[in-house]
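For reference, the structure is listed below as structure tokens.
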Amino acid sequence: MLEKEIHHGGNIEQAAEKLGIPVEEVNDFSANINPLGFPSDLWNVLVQSFANIEVYPDPDYPELKKAIAEHLAIDPVDVFVGNGATQVLDEAICAVKATDALILAPTFGEYERLFSRQGTRVHHYRLQEADDFAFEMTSLIDFLKEHHEIKVVCLTNPNNPTGQLISSRDLRKLTDFCNKHHRLLILDESFIDLTVGQQKSFISELTTDDQVYIIRAATKFFAIPGLRLGYCVTKNQKLKQQLAFQEDTWSVNGIADVFGQNMFRAKKYIQLTHDWLNVQQPALYKALQQVKGIKVFPSTTNFFLFKCADPALREKLLKKHIMIRQCDDYVGLGPDYYRVAVKGPQDNVMLVNALKEILGSEEQ
Ligand SMILES: Cc1ncc(COP(=O)(O)O)c(C=O)c1O
């Protein structure tokens, strides 16, 4: 059984139905998706790819792996693809077959669900609000030293919903520990390309000795949660064999396959995304800090966690057609924590003004 039943952000249909308004009128701050939307330069490619629905995709996805590998400056044989980050994550979890795994608390709820359904016991490494939900790698390694039964550590960089980043130096420390002590690291970097100042992926640091699977999502950055595309990278031969054994056949549909082959060509869109985030993320942080009645936590990525004593805040914002993510289902958080995505300048201002209105801090 899960410690808490999970729900996800982004269910705008349900919210619209409840409010009796069209879906387009819901301002969704609950899903952490690139607000620039689908990269329009790729519309033609996508439309042409509809012809692919009449044929099976190549189950080895050579062109897709080549495009991803070129972008990451790695070998295509190090790349595995799937129907979103969640599916490759599930395959990695199945490949590992651990009796015990360690995850952060709070973190993305799917880890616990996916481990649990494999019969893996889940241990939580509890992050502290007093530390802004950051942690010391030495303490985490000490925890692992005390718990020999934990064979897999699953970390998120940056973490969801806290937005905290783990440095490459700390990841190297942990990886060296894992290599030496027969542990394995699953590192979910679904938001690494949506970090302010473009933080470096650990992929560039990987060696063939490293007992590491790195999970990446195309869904967040390219705003394609409905199309679905994710990938996994490892350079370790044994881990590659184990993952290959678990892979589902044709897990990427023909349209997502073609999209993925071309996504890194959308250079203008990629640059615009970095420009948006580098300006709007710090601006929203500053504005949220000025809202009386909430405590916002620092973040490196396209969302913020905040605390507010009003457990009905989500409902009150919904009445203003604004949907935010209540974090009551995260282990380690309660109904007084909320997560909001960074959107465009006008939307961000609207959110902050609505919060001020509800929390009675318009005068600030
Ligand atoms: C940390 C993290 N990893 C993975 C995912 C899921 O990504 P995808 O839609 O590609 O399966 C999410 C979704 O919110 C997430 O927060």
Side-chain angles (χ1 to χ4, degrees), residues 4 6-12 28-35 37-38 64 68 79-94 101-115 122 125 127 133 153-166 171 185-195 199 201-203 213-233 247-248 251-253 255-257 259-260 263 299-305 323-327 329-333 337-342:
K4 287 188 178 182
I6 51 169
H7 53 86
H8 291 291
N11 196 343
I12 49 172
D28 183 18
F29 286 84
S30 71
N32 309 322
I33 304 293
N34 186 341
F38 183 86
L64 176 57
I68 294 169
V79 180
F80 294 78
V81 294
N83 186 40
T86 310
Q87 202 232 0
V88 278
L89 177 71
D90 189 34
E91 289 175 352
I93 286 172
C94 292
L102 182 71
I103 63 172
L104 302 174
T107 197
F108 181 46
E110 286 291 321
Y111 307 135
E112 184 160 356
R113 194 179 74 80
L114 298 176
F115 275 117
V122 174
Y125 187 80
L127 303 171
F133 301 100
V153 187
C154 179
L155 297 183
T156 323
N157 202 30
N159 191 25
N160 174 11
T162 62
Q164 284 285 351
L165 198 71
I166 313 166
L171 287 171
L185 170 65
I186 298 178
L187 183 66
D188 182 346
E189 290 192 338
S190 287
F191 291 100
I192 197 79
D193 46 4
L194 282 168
T195 47
Q199 301 301 311
S201 162
F202 196 55
I203 289 174
Y213 285 126
I214 297 186
I215 309 294
R216 297 285 296 261
T219 42
K220 312 285 181 193
F221 190 95
F222 291 101
I224 52 157
L227 184 58
R228 322 256 342 112
L229 183 62
Y231 47 99
C232 174
V233 174
E247 270 192 305
D248 288 331
S251 59
V252 177
N253 68 70
I255 301 173
D257 183 9
F259 177 83
M263 61 188 172
S299 162
T300 56
T301 188
N302 64 326
F303 51 81
F304 288 99
L305 178 72
M323 186 159 95
I324 67 170
R325 172 77 159 87
Q326 193 154 20
C327 297
D329 60 326
Y330 284 93
V331 175
L333 299 180
Y337 291 87
Y338 299 90
R339 193 194 65 202
V340 288
V342 180

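Numbers for residues simply follow the sequence, beginning at 1. Each ligand, and each atom within it, is numbered from 1 in the order the structure gives.
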Report task. Could you tell me whether Y111 and ligand 1 have an N or O pair separated by under 3.5 Å? Result ->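 No - when backbone and side-chain N and O of Y111 are compared with those of ligand 1, no distance drops under 3.5 Å.
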Report task. Examine K220 against ligand 1 and note whether any of their N/O atoms are separated by less than 3.5 Å. Result ->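 In this structure, K220 places an N or O atom under 3.5 Å from an N or O of ligand 1.
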I need the atoms of ligand 1 closer than 4.0 Å to a non-hydrogen atom of [X], numbered in the order shown.
X	answer
A217	10 (O)
G84	10 (O), 11 (O)
T156	1 (C)
N160	15 (C), 16 (O)
T219	7 (O), 8 (P), 9 (O), 10 (O)
F191	1 (C), 15 (C), 16 (O)

Query raised in the report: Is it the side chain (CB and beyond), the backbone, both or neither of T86 that lies under 4.0 Å from ligand 1, heavy atoms counted?
Result: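 Contact part for T86 vs ligand 1: both backbone and side chain.
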Requested in this report: Would you kindly specify which portion of A85 sits under 4.0 Å from ligand 1, judged on non-hydrogen atoms: side chain, backbone, both or neither?
Outcome: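 Within the 4.0 Å criterion, A85 contacts ligand 1 through backbone and side-chain atoms alike.
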**Report entry** Pair F29-Y338, ring pair (Phe, Tyr, Trp, His ring centres under 6.0 Å): steps then yes or no
**Finding:** CA-CA 10 Å; F29 286 84; Y338 299 90; over 10 Å; no
Query raised in the report: Between N83 and S251, do the side chains contain an N or O donor and an N or O acceptor separated by less than 3.5 Å?
Result: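 Per modelled atom types, N83 and S251 side chains form no pair under 3.5 Å.
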Requested in this report: Classify the ring geometry between Y337 and F133 as parallel (under 30°), tilted (30 to 60°) or perpendicular (over 60°).
Outcome: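 Rings of Y337 and F133: perpendicular, over 60°.
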Query raised in the report: Pick from N157, L165, N302: which one makes a side chain to side chain contact (heavy atoms under 4.5 Å, CB included) with T195?
Result: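 Among N157, L165, N302, the one that satisfies the side chain to side chain contact (heavy atoms under 4.5 Å, CB included) with T195 is L165.
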**Report entry** Option passing side chain to side chain contact (heavy atoms under 4.5 Å, CB included) with Y111 (candidates L104, I103, V122, T86)
**Finding:**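 Output: one option passes, namely I103.
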Report task. Any chance you could lay out the ring pair (Phe, Tyr, Trp, His ring centres under 6.0 Å) test for F303 and F191, step after step, and finish with the verdict? Result -> CA-CA 10 Å; F303 51 81; F191 291 100; 5.0 Å; yes
Query raised in the report: Can K220 and I33 be said to form a side-chain contact (heavy atoms from CB on, under 4.5 Å), step by step?
Result: CA-CA 5 Å; K220 312 285 181 193; I33 304 293; 4.2 Å; yes
Query raised in the report: Does ligand 1 have an atom that lies less than 4.0 angstrom from a heavy atom of E110?
Result: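 It does not; every heavy atom stays at 4.0 Å or beyond.
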Requested in this report: Please name the pair of heavy atoms, one in C327 and one in L333, separated by the smallest distance, quoted to 0.1 Å.
Outcome: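 Smallest heavy-atom distance, with atoms named: O-CB, 3.5 Å.
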